[in-house]
Amino acid sequence: MKLPRKFFEKKTLRVAKELLGCFLIRRIGRRKIVARIIETEAYCGPKDLANHASKGRTPRTEIMFGQAGYAYVYLIYGMYYCFNVVTERVNYPAAVLIRGMEINGQKIIGPGKVCRELEIDKKLNGLDLIKSQKLWIENRRLMNQNLESKIEDRRAKANQQKFNIISLPRVGVDYAGEYKNKPWRFGIWKS
DNA sequence: GATAAGATCATCT
DNA sequence: GATGATCTTATCA
């Protein structure tokens, strides 16, 4: 089941944890990629110095000040894209970065790799994940009627087992002062 | 195995 | 003009 907007309108830390095990779905023409989210990072509001939006409202960060459930995609280091989902309420800039996923059991770790694999670039910035047919997120448990193959059935079963969430400091935010060591990176490599 | 350097550009100062 | 919410390749040990 596609996640509703309400899911994203909660506290960013909670959304970041609840997204683990959910399925990121990407449709490119007739091709559909189903990826299980296994690593995220939370960027929590204007005071979080690691958050791009902590420097205020700019053209780039505008989307984070909008409604939850929209895609925030930006170019990093001139070569890679990072994909985030906007969270919380209007005028409160926050988002969850998708850092790692699993496709048919194959792990893809790193936000740049995630975007390369799913063909996510700036054209998808500002996309509404609640309405889009190109990119959306589904529940941890795939509904039976959505199962398209035995492979997907197996994947759904594997996902029903309990998993432990590991939390660590975020990556690449040494400049963020007191926020640099906040354990706002979440993963389920172990399950 | 570990660490370092290089690629490459939108964004903000 | 400097700087990244990164990744790959090269060069060490």
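None of these values were measured; they are calculated from a predicted model. Here is the naming used below: chain letters follow the sequence lines, and residue numbers restart at 1 for every chain.
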Can you tell me which nucleotide in [options] comes closest to the side chain of [X]?
{"X": "A:Leu97", "options": "B:dA10, C:dA5, B:dC12", "answer": "C:dA5"}
{"X": "A:His52", "options": "B:dA7, C:dA5, C:dC7", "answer": "C:dA5"}
{"X": "A:Tyr175", "options": "B:dC12, C:dG4, C:dT6", "answer": "C:dG4"}

What I want to check is whether the side chains of A:Asn91 and A:Arg57 have a donor and an acceptor closer together than 3.5 Å. yes

Take atom [atom1] of [X] and atom [atom2] of [N], then tell me their distance rounded to the nearest Å.
{"X": "A:Asn51", "N": "C:dG4", "atom1": "CG", "atom2": "P", "value": "15 Å"}
{"X": "A:Ile108", "N": "C:dC7", "atom1": "CD1", "atom2": "P", "value": "12 Å"}
{"X": "A:Ile76", "N": "B:dA7", "atom1": "CD1", "atom2": "C1'", "value": "14 Å"}
{"X": "A:Lys180", "N": "C:dG4", "atom1": "NZ", "atom2": "C1'", "value": "16 Å"}
{"X": "A:Leu49", "N": "C:dA5", "atom1": "CG", "atom2": "P", "value": "12 Å"}
{"X": "A:Asn125", "N": "B:dC9", "atom1": "CG", "atom2": "P", "value": "19 Å"}
{"X": "A:Leu75", "N": "C:dC7", "atom1": "CG", "atom2": "C1'", "value": "13 Å"}
{"X": "A:Lys113", "N": "C:dT9", "atom1": "NZ", "atom2": "C1'", "value": "13 Å"}

Between C:dG4 and A:Tyr77, is there a base-stacking contact, meaning the centre of the base's six-membered ring lies under 5.5 Å from the residue's ring centre while the planes stay under 30° apart? no

A:Ile98 backbone acceptor or donor facing A:Asn84 side chain under 3.5 Å: no

Would a distance-only check, ignoring hydrogens and angles, find a side-chain to backbone donor-acceptor pair under 3.5 Å from A:Glu41 to A:Val171? yes

Is it the case that the base of B:dA10 and the side chain of A:Tyr74 share a donor-acceptor contact (distance under 3.5 Å, atom types as modelled)? no

Watson-Crick or G-U counterpart of B:dA7, or none if no pair lies under 3.5 Å: C:dT6

Taking a pair to mean Watson-Crick or G-U wobble geometry with both distances below 3.5 Å, C:dA13 pairs with none

Tell me whether the side-chain N/O atoms of A:Arg57 come closer than 4.0 Å to OP1 or OP2 in B:dT11. no

Do the side-chain N or O atoms of A:Arg99 get closer than 4.0 angstrom to the phosphate oxygens (OP1, OP2) of C:dT6? yes

Please work out if A:Gly78 contacts a base, only the sugar-phosphate, or nothing of the nucleic acid, heavy-atom cut-off 4.0 Å. base

Using a 4.0 Å heavy-atom cut-off across all strands, classify A:Arg60 as base, sugar-phosphate, or nothing. sugar-phosphate

Would you say the rings of A:Tyr72 and A:Tyr74 are close, in the sense that their centroids are separated by under 6.0 Å? yes

Restricting to non-hydrogen atoms, name the atom on A:Gly66 and the atom on A:Val86 that form the minimum distance, rounded to 0.1 Å. O-CG1, 4.0 Å

